[in-house]
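Notes for the one structure printed next.
Note that the coordinates shown come from a computational prediction; the quantities given were computed from them, not determined experimentally. If you read the sequence from its start, that first residue is 1, and numbering goes on from there.
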Amino acid sequence: MTEKTLNSQKNGMPVLLLLVLAYAVSIVLLALGASYNLLPLILVSSAWLVFGWIFLLGLKVLKPQEALVLTLFGKYIGTLKNPGFYFVNPFCTAVNPAAGTKLSQSGDVKVLGANQPSGGVDVSMVALTKKISLKIMTLNNNRQKINDCLGNPVEIGIAVTWRVVDTAKAVFNVDNYKEYLSLQCDSALRNIVRIYPYDIAPNVDTTGDGIADEGSLRGSSEIVAARIKDEIQDKVSEAGIEIIEARITYLAYAPEIAAVMLQRQQASAIIDARKMIVDGAVGMVEMALERLSENKIVDLDDERKAAMVSNLLVVLCGNHDAQPVVNSGSLY
């Protein structure tokens, strides 16, 4: 199904004025017919007063970034996309299967109805319309719990910016393009997240080229978001939807392993810090021994050097301040 844009003239206002004038004339003619007992005039005026409102159904008003998909007795005849006041065939029907569907900010698809829960949108406050919005909209998905490539459960949420670019495909190719988009976002998110580890892990190939790389959900968020966008776009092209952008809005380990992973990160940080301290301490000890030897302050044998290195390393690498001991006796 290909979109066909109708370039109809914006003749809604002249037609509306003509219909109002016709009603006024009918009322006058009905009064004259009743006064002079003219039966044909009474019948014609009455028929127009009874059935003339049908032509009012052909009046359509479009605001900027709105579209109206029209069908005539089940056949698609075209789409009105330009803003204005139109008059079309009064028997044309506007079609929008997603008119009563709202994508809430949480990403859930909520269908407006009589049994709407208290936290939802009140139908009385929402005017259901058959017009299709062409504006850029955002679908903010709920946080989902997904296992990464290492089997660790992570919680992740995305925000997808999208718009309708082909109204015919959106209306006729899928049952409900909003629900379809929401489900495809969930599916694409799961397909991509399971390829990556949460953090950099050895021997993991995230690109599919057979070579291990350093891709991760935390460190390669831009690349992951781009792959999610492409995955969604491949699925929703047939629904006439364009995905403008996909962004990761939330990323964390699932609560059941968050504490353990935090301890792991803390341990890794402590090891790195200790390694830096030891490297610095060894350099300082080496420098101290070289300076003592160059200035000939004291001549130490290997045993005394080993004792001095041990004491310096204890002082430099310890967690607490050193407590000096003054030796007033002989060195030997």
Side-chain angles (χ1 to χ4, degrees), residues 1 3 65-69 79 94-123 125-148 153-196 217 221-252 254:
M1 181 67 69
E3 182 182 78
Q65 296 298 319
E66 285 185 345
L68 203 61
V69 179
T79 302
V95 181
N96 183 6
T101 303
K102 176 179 174 57
L103 295 180
S104 67
Q105 289 301 309
S106 64
D108 296 329
V109 178
K110 296 181 179 180
V111 179
L112 306 179
N115 297 324
Q116 183 73 21
S118 58
V121 180
D122 188 5
V123 179
M125 299 176 63
V126 179
L128 298 182
T129 176
K130 296 297 184 179
K131 298 174 184 177
I132 297 176
S133 176
L134 304 179
K135 300 176 182 178
I136 297 176
M137 292 176 282
T138 300
L139 169 62
N140 193 6
N141 264 27
N142 261 341
R143 300 174 186 175
Q144 298 187 56
K145 185 183 295 184
I146 306 172
N147 290 341
D148 65 2
V154 298
E155 289 187 346
I156 185 170
I158 59 171
V160 179
T161 306
W162 62 282
R163 64 182 173 187
V164 176
V165 293
D166 192 312
T167 56
K169 289 182 177 180
V171 170
F172 300 113
N173 284 8
V174 293
D175 183 56
N176 187 315
Y177 65 89
K178 290 184 179 180
E179 292 181 354
Y180 183 78
L181 171 64
S182 179
L183 294 175
Q184 294 303 325
C185 288
D186 294 343
S187 175
L189 182 61
R190 292 185 177 276
N191 289 341
I192 299 301
V193 169
R194 64 180 178 83
I195 300 175
Y196 289 85
L217 295 174
S221 58
E222 295 290 336
I223 298 175
V224 175
R227 294 186 68 174
I228 293 174
K229 171 184 175 295
D230 295 338
E231 178 85 5
I232 300 173
Q233 185 63 73
D234 290 340
K235 301 297 184 182
V236 301
S237 295
E238 286 300 317
I241 295 175
E242 177 190 4
I243 305 300
I244 299 173
E245 187 181 39
R247 290 289 181 181
I248 296 176
T249 57
Y250 181 84
L251 178 63

Pairwise side-chain contact, [X] with [Y], heavy-atom cut-off 4.5 Å (strictly under):
| X | Y | result |
| --- | --- | --- |
| Arg247 | Glu222 | yes |
| Val236 | Ile243 | yes |
| Thr161 | Ile136 | yes |
| Leu251 | Ser221 | no |
| Asp148 | Tyr196 | no |
| Val224 | Ile192 | yes |

Legend entry - Name of the residue among Thr167, Thr101, Asn96 meeting side chain to side chain contact (heavy atoms under 4.5 Å, CB included) with Tyr177: Asn96
Inset, instruction - Start with the C-alpha distance between Val160 and Thr138, add both sets of side-chain angles, then the distance that settles side-chain contact (heavy atoms from CB on, under 4.5 Å), and finish with yes or no. - result: CA-CA 6 Å; Val160 179; Thr138 300; over 6 Å; no
Closest contact, heavy atoms only, [X] versus [Y]:
| X | Y | result |
| --- | --- | --- |
| Ile158 | Asn140 | O-OD1, 3.5 Å |
| Ser182 | Leu139 | CA-CD2, 3.9 Å |
| Lys130 | Ala94 | CB-CB, 3.6 Å |
| Ala225 | Ala246 | CB-O, 3.2 Å |

Mind checking the [atom1]-[atom2] spacing from [X] to [Y]? Nearest 0.5 Å is all I need.
| X | Y | atom1 | atom2 | value |
| --- | --- | --- | --- | --- |
| Lys145 | Glu155 | NZ | CD | 6.0 Å |
| Ile248 | Leu217 | CD1 | CG | 6.5 Å |
| Lys178 | Ile132 | NZ | CD1 | 9.5 Å |
| Arg190 | Ile146 | CZ | CD1 | 5.0 Å |
| Ile156 | Leu189 | CD1 | CG | 5.0 Å |
| Arg227 | Ile223 | CZ | CD1 | 9.0 Å |

Inset, instruction - I would like to know whether Gln144 and Asp186 meet side-chain contact (heavy atoms from CB on, under 4.5 Å); could you show each step before the answer? - result: CA-CA 8 Å; Gln144 298 187 56; Asp186 294 343; 3.1 Å; yes
Inset, instruction - Give a yes or no on this: more than 12 heavy atoms of other residues, nucleotides or ligands lie within 6.0 Å of atom CG of Asn147. - result: yes
Legend entry - Crowding at NZ, Lys131 (>12 non-hydrogen neighbours, <6.0 Å): yes
Inset, instruction - Output yes when Arg163 and Glu242 qualify as a salt bridge under the 4.0 Å nitrogen-oxygen rule, no when they do not. - result: yes
Legend entry - Those residues that, when tested against Gln233, pass side-chain hydrogen bond (donor to acceptor under 3.5 Å, both in side chains) (two or more places apart): Ser237
Legend entry - Which residues share a side-chain hydrogen bond (donor to acceptor under 3.5 Å, both in side chains) with Asn191, sequence neighbours left out: Glu231
Inset, instruction - Sorted by first residue and then second, give each ring pair (Phe, Tyr, Trp, His ring centres under 6.0 Å) pair with at least one member in residues 155-175; sequence neighbours left out. - result: Tyr76-Phe172
Inset, instruction - Would you sort out whether Ile232 and Leu181 count as a side-chain contact (heavy atoms from CB on, under 4.5 Å), showing the intermediate values? - result: CA-CA 8 Å; Ile232 300 173; Leu181 171 64; 4.2 Å; yes
Inset, instruction - Begin with the C-alpha distance, continue with both residues' side-chain angles, and end with the deciding distance and a verdict on side-chain contact (heavy atoms from CB on, under 4.5 Å) for Tyr250 and Asn141. - result: CA-CA 10 Å; Tyr250 181 84; Asn141 264 27; over 6 Å; no
